[in-house]
Amino acid sequence: MLQTQNIFEKEFAKETIFLDRNMITPHYTPKVLPFRETYIEDISNLVSKTLKGQKADNLFIYGKTGTGKTSVTKHVMEQLLEFASQKNLPVEGNYVNCRNHNSKYRILVKIVKEFYPEENFLGFSAAFVYEKLLDYARKEKHLVLVLDEIDKVKDLDELVYGLTRCNDELDKGSISIIGISNNLMFKDRLDPRTKSSLCQHEMIFPPYNAQELSEILEQRTEIAFKPDSVEGSAIHLAAAIAAQESGDARTAVMLLLHAGEISDKKGLRKVTDLEVKKAKKKVEEELIFNMISTLPEQQQLVLYAISSLSVEKKPMHKITGAIEVGVLFSGEIYDEYCRLSKKFKETTVSARWYRQYISELEMYGLIVSTNSGKGIKGQTRLIKLGFDAEKIKGLIEKELAT
DNA sequence: CCTCCACAGGAAGCGCAGGAGT
DNA sequence: ACTCCTGCGCTTCCTGTGGAGG
């Protein structure tokens, strides 16, 4: 048998409707940000103080995922730093994602490392790193720190307190903070002093509506797909789906990306409504699967108990009608969970903690629960799966196997 | 009406892992 | 390297709630 063709030859030569696939992934930060002009202007206004040698006020930005918080902030910072270096102004900035650096110490090290790239600070005390940062700012530098996903920081109170106190010790330079979060509630848990200093200015990014999403998608389509390979109605459909679900630009983009991949796979030349609909299912599944796989093992077991009971479609014993199929009692789920956990795990959480799990699962939208009303003895919760039982059962089986 | 049932969910406390201080 | 401290996941204990049943 002689091998005439490299195995990648076929794959490489495959027709694609993408011009540049990277342009339609969620990681890509677009150059233009439609419908966010006023926010860009407002933030620029705030941070421009540093160009004039003053301290910029701290800013807190809130908005759900995919509303452009990070993109807008990054965009403004890029412009600011570019301008500063052109004019030789002593302004510097730094972006930290607090999901990866979730403590005061780690954030400080990350920041200082940026300013002293050749030195390594891991292992030094927090106080020392603080001093290093202060030293840097003392050279009449104005620093703007962007803390993305700021709600993930464990000891935020101390961090903000420390950084604002830095400003008191500085008579020339300054340090300002831009905090970004998609959780508005977290603000209330903060120390009042932290809150007032972090939230000198606040901004709320609203979700995009269907029309805005349409335009965003159209722009991206132009650079990501070959001309005329995406039908207009497909774009509108993707925008409508995303708008209805969350107003999230990220899911809108994901929808089109997957739809494009589906078309490619089938060798089609166009993306139509049909592909978008199929992509919707895929994106949904991906979301659910991601959610399930990040759940603690015990919680996965609880969900598994719910889904396998739902699959069995147990006829509701002695229930006087009026109750939907697939609705389960809190108690019977706990029994099933105990049985399952004993079957292939030895640990079983208490009933109290099981209830905690149930309410968390509800917060994630994986299940729906209602309080029992008439016709049922005592007070309990009636629980139903938020998605297809078979599918979830399958997903967890896959997850538990690993 | 009272009692029991079948839970919900708050409070306190416990053991552990990992980080800070020494 | 060592203790000390602290946050986290969890248990135990407890009080509250609303319908069923006598």
Side-chain angles (χ1 to χ4, degrees), chain A residues 96 98-113 120-133 149-163 165 181 183 185-186 188-191 194 291-306 309 314 316-324 327-342 345-364 366-384 399-400:
Chain A
V96 183
C98 303
R99 191 208 294 258
N100 310 326
H101 307 269
N102 58 358
S103 74
K104 158 188 141 190
Y105 183 70
R106 282 186 198 156
I107 290 170
L108 279 174
V109 168
K110 169 84 168 49
I111 293 168
V112 175
K113 183 103 206 264
N120 202 346
F121 295 95
L122 261 176
F124 287 82
S125 77
F128 179 82
V129 184
Y130 255 124
E131 271 311 309
K132 210 71 186 165
L133 182 65
E149 302 196 53
I150 197 170
D151 47 315
K152 297 286 186 300
V153 184
K154 311 259 173 203
D155 41 9
L156 185 61
D157 285 324
E158 279 177 55
L159 178 71
V160 173
Y161 175 71
L163 288 176
R165 208 202 42 190
S181 162
N183 181 358
M185 282 306 121
F186 113 97
D188 301 326
R189 293 201 309 265
L190 291 176
D191 186 296
T194 310
M291 188 146 272
I292 290 176
S293 55
T294 54
L295 252 38
E297 205 171 333
Q298 292 290 323
Q299 206 162 358
Q300 288 176 3
L301 265 178
V302 172
L303 195 60
Y304 185 65
I306 300 173
L309 280 179
K314 261 190 171 176
M316 293 285 85
H317 35 254
K318 65 178 176 182
I319 296 309
T320 55
I323 292 186
E324 295 169 65
V327 176
L328 304 163
F329 287 88
S330 172
E332 71 182 324
I333 295 171
Y334 185 64
D335 290 344
E336 174 71 6
Y337 155 76
C338 289
R339 208 179 58 74
L340 282 170
S341 62
K342 258 173 215 138
K345 279 273 285 185
E346 63 285 13
T347 48
T348 306
V349 294
S350 65
R352 177 67 190 86
W353 203 245
Y354 152 78
R355 274 172 238 142
Q356 190 72 26
Y357 278 162
I358 288 290
S359 34
E360 276 169 31
L361 286 174
E362 185 171 21
M363 280 201 309
Y364 300 145
L366 289 167
I367 60 173
V368 186
S369 87
T370 44
N371 258 0
S372 66
K374 284 176 191 170
I376 296 159
K377 52 185 170 174
Q379 190 194 354
T380 182
R381 263 162 120 177
L382 300 175
I383 293 158
K384 210 181 104 187
E399 183 61 34
L400 286 175

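By convention in this document, chain letters (A, B, ...) are assigned in the order of the sequence lines, proteins followed by strands, and residues within each chain are numbered from 1.
Among the atoms of the strands shown, only primed sugar atoms or phosphate atoms (P, OP1, OP2) are found under 4.0 Å from some heavy atom of A/S330. Looking at heavy-atom distances under 4.0 Å, A/Y357 makes contact with sugar-phosphate atoms alone, never a base. Contacts of A/T348 with the nucleic acid, taken as non-hydrogen atoms under 4.0 Å apart, involve only primed sugar atoms and P, OP1 or OP2.
Using a 4.5 Å cut-off on side-chain heavy atoms (C-beta onward), A/I358 and A/I306 make contact. Proximity of A/K384 to A/I367: side-chain heavy atoms (C-beta onward) are nowhere separated by under 4.5 Å. Using a 4.5 Å heavy-atom threshold, the side chains of A/V349 and A/Y337 count as touching. Side chains of A/V302 and A/L295 form no contact here, defined as non-hydrogen atoms less than 4.5 Å apart.
The terminal axes of the helix from B/dC1-C/dG22 to B/dT22-C/dA1, fitted over 5 pairs per end, subtend an angle of 10° to the nearest 10°.
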Distances under 3.5 Å between nitrogen or oxygen atoms of protein and nucleotides 4-6 of chain B:
residue	atom	partner	partner atom	Å
B/dA6	OP1	A/K377	NZ	3.1

Please list each protein N or O that sits under 3.5 Å from an N or O in nucleotides 9-12 of chain B, with the distance.
residue	atom	partner	partner atom	Å
B/dG9	OP2	A/R381	NH1	3.2
B/dG9	N7	A/R352	NE	3.4
B/dG9	N7	A/R355	NH1	2.7
B/dG9	O6	A/R355	NH1	3.2
B/dG10	N7	A/R352	NE	3.3
B/dG10	N7	A/R352	NH2	3.1
B/dG10	O6	A/R352	NE	3.0

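Using cut-offs of 30° and 60° for the angle between ring planes, the A/Y334 and A/Y354 rings count as tilted.
Put simply, A/Y354 has no side-chain N or O that comes within less than 4.0 Å of OP1 or OP2 on C/dC10.
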